[in-house]
Amino acid sequence: MLDRLQRPLRDLRVSVTDRCNLRCPYCMPREVFGTQFRFLPREQLLTFEEITRVVRAAAAHGVAKVRLTGGEPLLRRELERLIEMLARVDGVSDLAMTTNGLLLARHAQRLRDAGLRRVTVSLDALEQDTLRAMSDGPVSPARILDAIEVASGVGLSPVKINMVVRRGVNDHCVADMAARFRHRPEIVRFIEYMDVGSTNGWSAQEVVSASEILKVIGARWPLEPLEPRRPGEVATRYRYRDGAGEIGVIHSVSSPFCGGCSRARLSADGQLFTCLFARQGHDLRGLLRGGAGAGELERRLHEIWTGRADRYSAERAGAREAADQQPPKVEMSYIGG
Ligand code: GTP
Ligand code: 5AD
Ligand code: SF4
Ligand code: SF4
């Protein structure tokens, strides 16, 4: 099944909640996501059964990779039950989760037992003050490092670590982060700060490009590029020439990768988005709750995907100029990274 730009659907990212226990200003700034903010009420969230029906339909169209996201996915109660259900779906060979790590240590073993294969943990700095500035919440580097260790220990490996880099906030920590995970199995990915959503006040000046990041790291520990593991991968991989392991850079601003984008995103309330920067989703919840069978769901997915022509990052400059006349872009905490 190919979209209008000949891209297959291979990867489904499932948001299980729009809530989070942090308020990273680049994602959920507290001024917007404060005590007055109305998160999705429970009855609007897809049930685990409903999510599983969507995943089955997606798998029938070739999706092999499913990633649970949020908000913070570990805030969803009984998440292990969903993982068990998804692990049994035919065709799904890679089941992963992206988490901020705060609740990971206590859940890791159960997640693994339920069938989760891998986790990606966000960690934007190793210094307490800088991490607080990046996350605006009750987080400490020691706690996240411990969670990473526990996750590796139970076999949720290799653990990947996401570091969003913002100029003037945590860009001085790039080399530190690289150093901390050299000679370790974990893989750090340095992410260019993106203009997702409409609330983070993004400005191009705050973006530290992947090439700058690579220059800083490569000056200390020479790097060489690695081949992608799969087509359409978001991170470009490098290895240390001295054999100390691998890193990744996610350069969606300086060098967009829409050409190979095979990802769809399901929000916690059952809207399907065909781009991280979309303004509108396609409602699947109505279909799920209106008695649609598997065949109907598959047909709807086919219709949505074959109609898709998104390439926001590739068109970023023009798109930002035209943005004033359009509805706001969806928030990342709502559809997941
Ligand atoms: P792997 O399965 O290990 O390849 O993981 P992943 O890279 O899909 O994992 P993760 O969810 O951690 O994604 C890393 C980051 O890349 C996200 O947090 C986003 O910032 C960014 N990203 C992921 N997908 C897209 C995409 O389709 N478009 C853009 N512009 N950015 C993306
Ligand atoms: N730019 C880049 N990455 C972001 N993330 C959240 N908001 C942004 C943004 N504006 C990342 C988080 C997490 C992943 C799910 O998405 O750091 O690792
Ligand atoms: Fe929460 Fe992750 Fe967004 Fe931070 S980036 S506010 S941890 S969902
Ligand atoms: Fe895919 Fe949209 Fe990201 Fe481009 S901007 S890679 S189309 S999700």
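None of these values were measured; they are calculated from a predicted model. Counting convention: from 1, in listed order, for ligands and their atoms alike.
Of the listed options Val196, Thr199, Leu276, Leu123, Val196 places a heavy atom closest to atom 9 (C) of ligand 2. One option in Arg229, Lys160, Arg189 has a heavy atom closer to atom 10 (P) of ligand 1 than any other, and that option is Arg189.
Applying the 4.0 Å criterion to heavy atoms of Glu192 picks out, from ligand 2, the atoms 2 (C). Within ligand 1, counting atoms from 1 as listed, the ones closer than 4.0 Å to a heavy atom of Phe277 are 30 (N). Interface of Ile191 with ligand 2, defined as ligand atoms under 4.0 Å from a residue heavy atom, comprises 2 (C), 3 (N). In the vicinity of Met194, heavy-atom distances shorter than 4.0 Å reach the ligand 1 atoms 19 (C), 20 (O), 30 (N), 31 (N). Annotation for ligand 1: atoms under 4.0 Å from non-hydrogen atoms of Arg263 are 24 (N), 25 (C), 26 (C), 27 (O). The contact set between ligand 2 and Tyr193, taken as ligand atoms under 4.0 Å from a residue heavy atom, comprises 1 (N), 10 (N). Numbered from 1 in the order shown, with element, the atoms of ligand 1 that lie under 4.0 Å from a heavy atom of Ser252 read 30 (N). Those atoms of ligand 1 with a heavy atom of Thr98 less than 4.0 angstrom away are 10 (P), 11 (O), 12 (O).
Asn21 contributes atom CG, which lies 5.0 Å from atom CG of Asn100 (distance to the nearest 0.5 angstrom). In this structure, the separation between CE on Met163 and OG on Ser122 is 12.0 Å, given to the nearest 0.5 Å. Atom CG in Leu111 sits 10.5 Å away from atom CG in Leu103 (nearest 0.5 Å). Taking CD1 of Ile144 as the reference point, atom CG of Leu123 lies at 6.5 Å (rounded to 0.5 Å). To the nearest 0.5 Å, atoms CZ (Arg77) and CG (Leu82) are separated by 14.5 Å. Taken to the nearest 0.5 Å, the CZ atom of Arg299 stands 9.5 Å off from the CG atom of Leu287.
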Set out, in order, the CA-CA distance, both residues' side-chain angles and the distance that settles salt bridge (charged side-chain N to carboxylate O under 4.0 Å, His left out) for Glu49 and Arg81, then state yes or no. CA-CA 10 Å; Glu49 288 70 20; Arg81 204 165 64 75; 3.4 Å; yes
Salt bridge (charged side-chain N to carboxylate O under 4.0 Å, His left out) between Arg182 and Asp242, intermediate numbers included: CA-CA 10 Å; Arg182 274 170 48 80; Asp242 64 4; 2.7 Å; yes
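In this structure, Val164 has a heavy atom closer than 4.0 Å to ligand 2. Under a 4.0 Å heavy-atom criterion, Gly70 is not in contact with ligand 3. Assignment of Ser313 to the shell around ligand 1 is supported, since a heavy atom sits closer than 4.0 Å.
Looking only at heavy atoms of the protein, atom 32 (C) of ligand 1 is closest to Leu276 CD2, 3.8 Å. Atom 8 (C) of ligand 2 has its closest protein heavy atom at Tyr26 CD1, 3.5 Å. Nearest protein neighbour of atom 24 (N) of ligand 1, counting heavy atoms only, is Arg265 NH2, 3.0 Å. The protein heavy atom nearest to atom 5 (N) of ligand 2 is Met332 CE, 3.5 Å. Atom 1 (N) of ligand 2 has as its closest protein heavy atom Met194 N, 2.9 Å. For atom 8 (S) of ligand 3, the closest heavy atom belonging to the protein is Gly71 O, 3.6 Å. Of the protein's non-hydrogen atoms, Arg13 NH1, 2.9 Å is the one closest to atom 8 (O) of ligand 1. Atom 1 (P) of ligand 1 has Arg67 NH2, 3.4 Å as its closest protein atom, hydrogens excluded (heavy atom only). Among all non-hydrogen protein atoms, the one lying nearest atom 7 (O) of ligand 1 is Val234 CG2, 2.9 Å. Of the protein's non-hydrogen atoms, the one nearest atom 1 (Fe) of ligand 3 is Cys20 SG, 2.3 Å. Counting only heavy atoms of the protein, atom 21 (C) of ligand 1 lies nearest to Ile250 CG2, 4.0 Å. Distance from atom 4 (O) of ligand 1 to its nearest protein heavy atom, with residue and atom name: Lys65 NZ, 3.3 Å. Scanning the protein for heavy atoms near atom 14 (C) of ligand 2, the closest one is Asn162 ND2, 3.9 Å. From the protein, the heavy atom lying nearest to atom 23 (C) of ligand 1 is Gly337 O, 3.5 Å. For atom 13 (C) of ligand 2, the nearest protein heavy atom (residue, atom name, distance) is Ser122 OG, 3.4 Å. When only non-hydrogen protein atoms are considered, atom 3 (Fe) of ligand 3 lies nearest to Cys27 SG, 2.4 Å.
Note: no N/O pair closer than 3.5 Å links Thr98 and ligand 2 by distance alone. Among the atoms of Asp11, none of the N or O lies under 3.5 angstrom from an N or O of ligand 1. The N/O atoms of Asn162, backbone and side chain alike, include one that comes under 3.5 Å of an N/O atom in ligand 1.
Lys65 has no carboxylate O lying under 4.0 Å from a charged side-chain N of Asp94, or vice versa, which leaves the two without a salt bridge. By the 4.0 Å N-to-carboxylate-O rule, Glu331 lies too far from Arg279 to be salt-bridged with it. Looking at Glu233 and Arg230, a side-chain N of the basic residue comes within less than 4.0 Å of a carboxylate O on the acidic one, giving a salt bridge. Using a 4.0 Å cut-off between a side-chain N of Lys or Arg and a carboxylate O of Asp or Glu, Arg167 and Glu212 qualify as a salt bridge. Asp90 and Arg56 are not joined by a salt bridge, as no carboxylate oxygen comes within less than 4.0 angstrom of a charged side-chain nitrogen. Under a 4.0 Å N-O distance rule, the pair Glu43/Arg289 does not qualify as a salt bridge. Checked for salt-bridge contact, Arg239 and Glu246 miss the test: no charged N lies under 4.0 Å from a carboxylate O.
Between Phe37 and Phe33, the ring planes are tilted. Angles from 30° to 60° get that label. Ring planes of Tyr193 and Tyr26: perpendicular class, angle over 60° (limits at 30 and 60°).
The proximity of Tyr312 to ligand 1, defined as any non-hydrogen pair under 4.0 Å, does not occur for either the backbone or the side chain. Residue Cys24 touches ligand 3 through backbone and side chain together, judged by heavy-atom distances below 4.0 Å. Under 4.0 Å from ligand 2, the heavy atoms of Asn200 that appear belong solely to its side chain.
Checked by atom type and distance alone, the side chain of Ser135 never pairs as donor or acceptor with a backbone atom of Gly137 at under 3.5 Å.
Closest approach of Ser140 and Leu131 over heavy atoms only: C-CD2, 3.8 Å. Nearest heavy-atom pair, Gln280 versus Phe273, reported as atom, atom and distance to 0.1 Å: C-CE2, 3.4 Å.
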